[in-house]
There are 2 protein chains.
Amino acid sequence: MRASGAHIDLSALKEALSCAGLKATQQRLVIYQCLMATDKHPTAEEIFEQVRPSNPSISLGTVYKTLETLVDSQLARKVPVSENKMRYDARMDSHHHIYCTNTGEIIDFQDKELEMIIRQYLESRQIKNLEVQNFNLQIRANKLNPEQDILID
Amino acid sequence: MRASGAHIDLSALKEALSCAGLKATQQRLVIYQCLMATDKHPTAEEIFEQVRPSNPSISLGTVYKTLETLVDSQLARKVPVSENKMRYDARMDSHHHIYCTNTGEIIDFQDKELEMIIRQYLESRQIKNLEVQNFNLQIRANKLNPEQDILID
DNA sequence: ACCTAAACAAGAATAATTCCTATTTAATAA
DNA sequence: TTATTAAATAGGAATTATTCTTGTTTAGGT
Ligand SMILES: [Mn+2]
Ligand SMILES: [Mn+2]
Ligand SMILES: [Zn+2]
Ligand SMILES: [Zn+2]
């Protein structure tokens, strides 16, 4: 679970939504908060199941549309994976993903130094006719002990 | 279009299939060759449309199943993207992908040096409880001139 | 030339996502 | 605060991508 956990300041999310020109509806707040509160990379369906108990009238279509809206507004991003459903991530800072082949987890991996190394290399390469916007390293790996967390830093 | 173009030695593909313990059926050969012959990263549907004219009785289900089989046998790999359909790649050497935001292309990008830099960095990091298998850099970028190819090396 | 397990075609079924529209609501203004 | 209204939602239908089922065909071994 993400360090900040389940209690993220709702008014901050509200602010972020209106900043993006979006109505701060109950559904959007709840979905955005749910995505913010996890370090998993949930599917629309998973978010739906999670928010439903406390929001019994919310509809799956709204979850899909809201996620799309968040992505369009740069408040979330898609995380495409090999299974054929889309996953979502509210972390918008530059970070990478470890795909654990034995547990199926997608683990966030942030590393300032790696970041710099790759950025600098791409700059030095000066690929003609191409403007690099950002990059994302997908690391396929397996946990030696699936029970235990991996230790980053 | 890939350098080797449309005429890839069929007997080599046949060999690769039997080596993997797979019957070298007409359908598999044609699908595998189609995937080999392109440097795009086609969907199942796109491969189907491409092979259909010369193989009018081939079925879409066979294309899906064959691609799955090729992936299982390590003769192809999946390339997940933000749109919700799967893309496939017959290149099995370690290489990266440039996602062109203005043209939608997925461009192969191979770079021995970058490869090494990242591999060495990950090794030096020695992430506890994790065995890195491989990695793939996704570069989001846009072509300055969408008409022209980008120039790698 | 057989034999047979594996693969295929055709189409049905399912899963993921998008679309439609009557109703509700957040935001703004009176 | 209340009225107004454009935007968003619920609910369900529709569409798209993928998988499954089953009778028929075929590659590869004898
Ligand atoms: Mn390729
Ligand atoms: Mn899908
Ligand atoms: Zn992430
Ligand atoms: Zn590729």
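Order of the sequence lines fixes the chain letters, A, B, ..., with proteins taken first and strands second; residue numbering starts at 1 for each chain. Just so it is clear, the structure is predicted and the values come from calculations on it, not from any experiment.
Each of B:Gly61 and B:Lys14 lies near DNA chain D, and the nucleotide nearest B:Gly61 is the one positioned closer to the 5' end. Nearer to the 5' terminus of DNA chain C, by closest-nucleotide assignment, is the contact made by B:Ser59 (compared with the other of A:Ser18 and B:Ser59).
OP1 or OP2 of C:dA9 lies within a sub-4.0 Å distance of a side-chain N or O belonging to B:Gln27. Of the side-chain N and O atoms in B:Thr62, none sit less than 4.0 angstrom from OP1 or OP2 of C:dC8. Contact between the side-chain N/O atoms of B:Tyr64 and the OP1/OP2 oxygens of D:dT18 is found at a separation under 4.0 Å. The shortest distance between the side-chain N/O atoms of B:Lys85 and the OP1/OP2 oxygens of D:dA17 is below 4.0 Å. Between A:Ser57 and D:dT9 there is no side-chain polar atom (N or O) within less than 4.0 angstrom of OP1 or OP2.
A:Leu35 and A:Ala76 make their closest contact through CD2-CB, 3.8 Å (heavy atoms, listed as atom of the first residue, atom of the second, distance). Of all non-hydrogen atoms in B:Lys143 and B:Asn102, the two that sit nearest each other are O-ND2, 2.7 Å.
Of the candidates D:dA17, D:dT18, D:dG11, the closest approach to any side-chain atom of B:Asn84 belongs to D:dA17. Set against C:dA7, C:dA27, C:dC8, the side chain of A:Ala24 has C:dA27 as its closest nucleotide. Side-chain proximity of A:Lys23 to the nucleotides C:dT25, C:dA7, D:dT19 is greatest for C:dT25.
If you measure from atom CG of B:Leu60 to atom C1' of C:dA13, you get 14 Å, rounded to the nearest angstrom. If you measure from atom CE of B:Met86 to atom C1' of D:dT19, you get 14 Å, rounded to the nearest angstrom. Remark: C1' of C:dA7 and CG of B:Asn55 are 15 Å apart, rounded to the nearest angstrom. Distance A:Arg28 CZ to C:dA26 P: 11 Å, rounded to the nearest Å. The nearest whole Å value for the distance from the CG atom in B:Leu22 to the C1' atom in D:dT26 is 15 Å. Taking atom CD of A:Glu45 as the reference point, atom C1' of C:dT18 lies 14 Å away to the nearest angstrom. Whole-Å rounding puts the B:Lys65 NZ to C:dA13 P distance at 19 Å. The distance from atom CD of A:Glu68 to atom P of D:dA7 is 16 Å, rounded to the nearest whole Å.
By the 30° and 60° cut-offs, the orientation of the rings of A:His41 relative to A:His97 is perpendicular.
Considering NE2 of A:His95 and CG of A:Asn136, their distance stands at 7.0 Å, rounded to 0.5 Å.
For B:Glu115, the CD atom is densely surrounded, since the number of other residues' heavy atoms within 6.0 Å is greater than 12.
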